[in-house]
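Report on one structure; see the data block that follows.
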2 protein chains.
Amino acid sequence: MVTLGDVAAAAGTSTTTVSRVLNGCGDSHRISARTQQAVTTAAEELGYRPSYHARALKAGRSNTIGLMCNADILSGHGQGYFGGMIDGLNSLVRKQGYNLLLTSDDDRHMTLEQGVIFWKEQRVDALITFGYIIERYMATNTPLAPDTVGLPLVLIESQWPLEYPIVSMNCASAINDAVGHLADLGHQCITYLLPTSSQADDRRSFFEIACKARKVEARIVTVDFPNDRQHDRWETIANRAKAIDQIWSQLADCPAVMAYNDHMALGFQLAAHNRGCHVPHDFSLIGFDDLYAQTALPPMSTISHGLQEMGQRAGTIALEMATSPDAVKTWNNRRETVEAVFIPRGSTGPCPH
Amino acid sequence: MVTLGDVAAAAGTSTTTVSRVLNGCGDSHRISARTQQAVTTAAEELGYRPSYHARALKAGRSNTIGLMCNADILSGHGQGYFGGMIDGLNSLVRKQGYNLLLTSDDDRHMTLEQGVIFWKEQRVDALITFGYIIERYMATNTPLAPDTVGLPLVLIESQWPLEYPIVSMNCASAINDAVGHLADLGHQCITYLLPTSSQADDRRSFFEIACKARKVEARIVTVDFPNDRQHDRWETIANRAKAIDQIWSQLADCPAVMAYNDHMALGFQLAAHNRGCHVPHDFSLIGFDDLYAQTALPPMSTISHGLQEMGQRAGTIALEMATSPDAVKTWNNRRETVEAVFIPRGSTGPCPH
DNA sequence: CTGTTAGCGCATTCAG
DNA sequence: CTGAATGCGCTAACAG
């Protein structure tokens, strides 16, 4: 590899000078234009690049933000979620001269520990991760208090109110819009279909409030799914359809359904399909996430997370924490919300009754 | 941060001893059990973690494999592809004590340059990337010869025969299986639907060979798509459906369609849907990629890449190249293939005629 | 059985 | 205007 010394030798000067020129401190140190020229051309010709590790060791910073996730989110349902996240995050950090280190852990219970290790090893200056990873961690460990750990950490969608900055989605008005959309189409009754294991109760509450405001009947139907988390998403959908089929009597007479997520909505659509009922003719259907809704037939009306923006918000906070240590104290405990948005597409139509 | 020196002080010994104990060389250097004990407990209590950068600087290796992609593959059509890839790759490299540095570039034409920089900066010991990134690069630059660059690089699905190791999918027998599946269902004619811009001509050839062997008529239909690469996948599908609709006369009388990819297949399905034709009743439809097929209704028969395995193969080669420099020469020019597999699902049925 | 020393590549202080 | 010397944290010769 080519080092500062090599460039210095080629330019007939010292490493100090080379370092200064290449870091743009040449002028303030009043280095002659001729020397600067010699240095830059030598560096260019040799294809010099500073050793990342030497630099990071000296500076005590890695100029890297870590994004922690686990295998679930990469290979399972969360692929689209993850991709959207990175989309917003990556361009943001690069503009500040930072890089994004994506770490995913195959062992589903060691993700956070892995992240902390990365931080202790100085591989990353700050970490971004998803709330559920922390929640999973906390189920078997003592909480990580920011003031004792000193770890610059940003959480996305954390249910548990940890003393870290948390960026989360607010879906109240999006759900209100969705309910309004159905009401405008003449629907007098809307079913909210969710898994028994679901934790995001706020969605349900918002749904009920919105229905009350519009004077439409709010029906809650929960379904239990055995053998979930299949590798083949189709299997999952088929499973959901099967479970939904068993409680079909609870669903049959209300032709508008809002589902906990797109995946569940597809399960409903399949179950309906198998019974000869079609969307949007017999049922109006609204998903949640916009991860599978775009490729559904008909294209599914859904509520979108605004993932890119969430990524950017989290990134902004992480960068600030990485840059100035004081910012860590300032940001911890802060809450940022991004507005979800209802996207009407082709799965909703006038009430058939 | 806590350094080797801190641990040494706490254990009442020197940094050398600490280093040896913590790296497991304690026994071979005959360090007393008592000292070893003291060191390990001290390290434990202080929460010591070696500085990644110091270590990498000393060793001249980063123990990191880089996976390069660009924004397209993260946020666009390739999310699933990417996720499947990582799924196989990540677990593999971690088992060898390596980490995965995922780099994606927002500037679509600088991805490879960015990767080379990462390598020169010693951030990664080897790189894995996708053929199309290299091809894009080569369109405006001189080729990267491995022997002059010395860069340990593994390519995935490269059309251009660069002198690097290339891992690619072989879809010959999968396509043959798909054609056989349709033939067994009584289809006498099959349309292969592909975009005019498509480059993967081998698929088309395999299709034609398989049809000839089965004595079914092979029809090739190409479609041109304006305004592609939309952000909203639904828009893309709608665009495709529109374009397909305009050449519908070429498609109407042959009730079996194999599409260039799942996305195209969905476009066809939508176009058919708009004309009152349904899958699999009026048309049997087979996709390619298994990226969108699992969540389609009906679940789409498709050809799957075997992405996890491709990731693992590429990872294995990259690790060998990273570990021993000789391996670079051995591996360059090598070709590895992974067999694609036809997955029958619900979008194919008996010929209606 | 253990410690001293040196050097990885860089940026920076201090001295010309 | 420039360079020599120092140290970031770690490991590996080389001494004891």
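Throughout, a chain's letter reflects where its sequence line sits, starting with A, and its residues are numbered from 1. All of these numbers come straight from a predicted model, not from anything done at the bench.
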Can you tell me if B:R123 and A:N99 form a side-chain donor-acceptor pair at under 3.5 Å?
yes
Looking just at side-chain N and O atoms, do B:T17 and B:S14 make a donor-acceptor pair shorter than 3.5 Å?
yes
Heavy-atom closest pair, residues A:P152 and A:W119
CD-NE1, 3.3 Å
Tell me the interatomic distance from [X], atom [atom1], to [N], atom [atom2], rounded to whole angstroms.
| X | N | atom1 | atom2 | value |
| --- | --- | --- | --- | --- |
| A:Y52 | C:dA11 | OH | C1' | 16 Å |
| B:K120 | C:dG9 | NZ | P | 16 Å |
| A:L46 | C:dG9 | CG | P | 15 Å |
| A:R20 | C:dC10 | CZ | C1' | 13 Å |
| B:R61 | D:dT11 | CZ | C1' | 13 Å |
| A:L22 | C:dC10 | CG | C1' | 12 Å |

Determine whether a donor-acceptor pair (one donor, one acceptor, N or O, separation below 3.5 Å) exists between the side chain of B:S19 and the base of D:dA12.
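Between D:dA12 and B:S19, which were checked side chain against base, a qualifying N/O pair under 3.5 Å is absent.
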Mark yes or no for a side-chain to base donor-acceptor pair under 3.5 Å between A:T16 and C:dT12, with no hydrogen or angle criteria applied.
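Side chain to base: pair present.
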Greater than 12 external heavy atoms within 6.0 Å of B:R335's CZ
yes
Close side-chain approach of B:P165 and B:N332, heavy atoms under 4.5 Å:
yes
Here's a test of your reading of the structure: between A:G5 and B:T17, which maps to the more 5' nucleotide of DNA chain C?
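By nearest-heavy-atom nucleotide position, the 5'-most residue is B:T17.
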Please identify each residue that fulfils side-chain hydrogen bond (donor to acceptor under 3.5 Å, both in side chains) with A:Q312, with sequence neighbours left out.
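None.
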Apply the side-chain contact (heavy atoms from CB on, under 4.5 Å) test between A:I65 and each candidate in A:L92, A:V124, A:V154, A:I128; give the one that qualifies.
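With A:I65 as partner, A:L92, A:V124, A:V154, A:I128 yield a single side-chain contact (heavy atoms from CB on, under 4.5 Å), made by A:I128.
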Of the options B:L57, B:T64, B:N63, which is the one that meets B:R61 in a side-chain contact (heavy atoms from CB on, under 4.5 Å)?
B:N63
Mind checking what makes ring-ring contact (aromatic ring centres under 6.0 Å, His included) contact with B:Y52, not counting sequence neighbours?
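ring-ring contact (aromatic ring centres under 6.0 Å, His included) list for B:Y52, sorted by chain: A:H53.
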Between the first and last five pairs of the helix from C:dC1-D:dG16 to C:dG16-D:dC1, the angle of the axes, rounded to 10 degrees
50°
Just the atom pairs and distances: protein N or O near nucleotides 7-9 of chain D's N or O, under 3.5 Å.
from, atom 1, to, atom 2, distance (Å)
D:dG7, N2, A:K58, NZ, 3.2

Pairing residues for B:E320 by the salt bridge (charged side-chain N to carboxylate O under 4.0 Å, His left out) criterion, not counting sequence neighbours
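In terms of salt bridge (charged side-chain N to carboxylate O under 4.0 Å, His left out), with neighbours along the sequence ignored, B:E320 is linked to no residue.
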Residues from residues 6-15 of chain A lying under 4.0 Å of DNA chain D - heavy atoms:
A:T13, A:S14
Going through the checks in order, is the side-chain hydrogen bond (donor to acceptor under 3.5 Å, both in side chains) test met by B:Q114 and A:R94?
CA-CA 11 Å; B:Q114 189 59 49; A:R94 289 193 64 87; 2.8 Å; yes
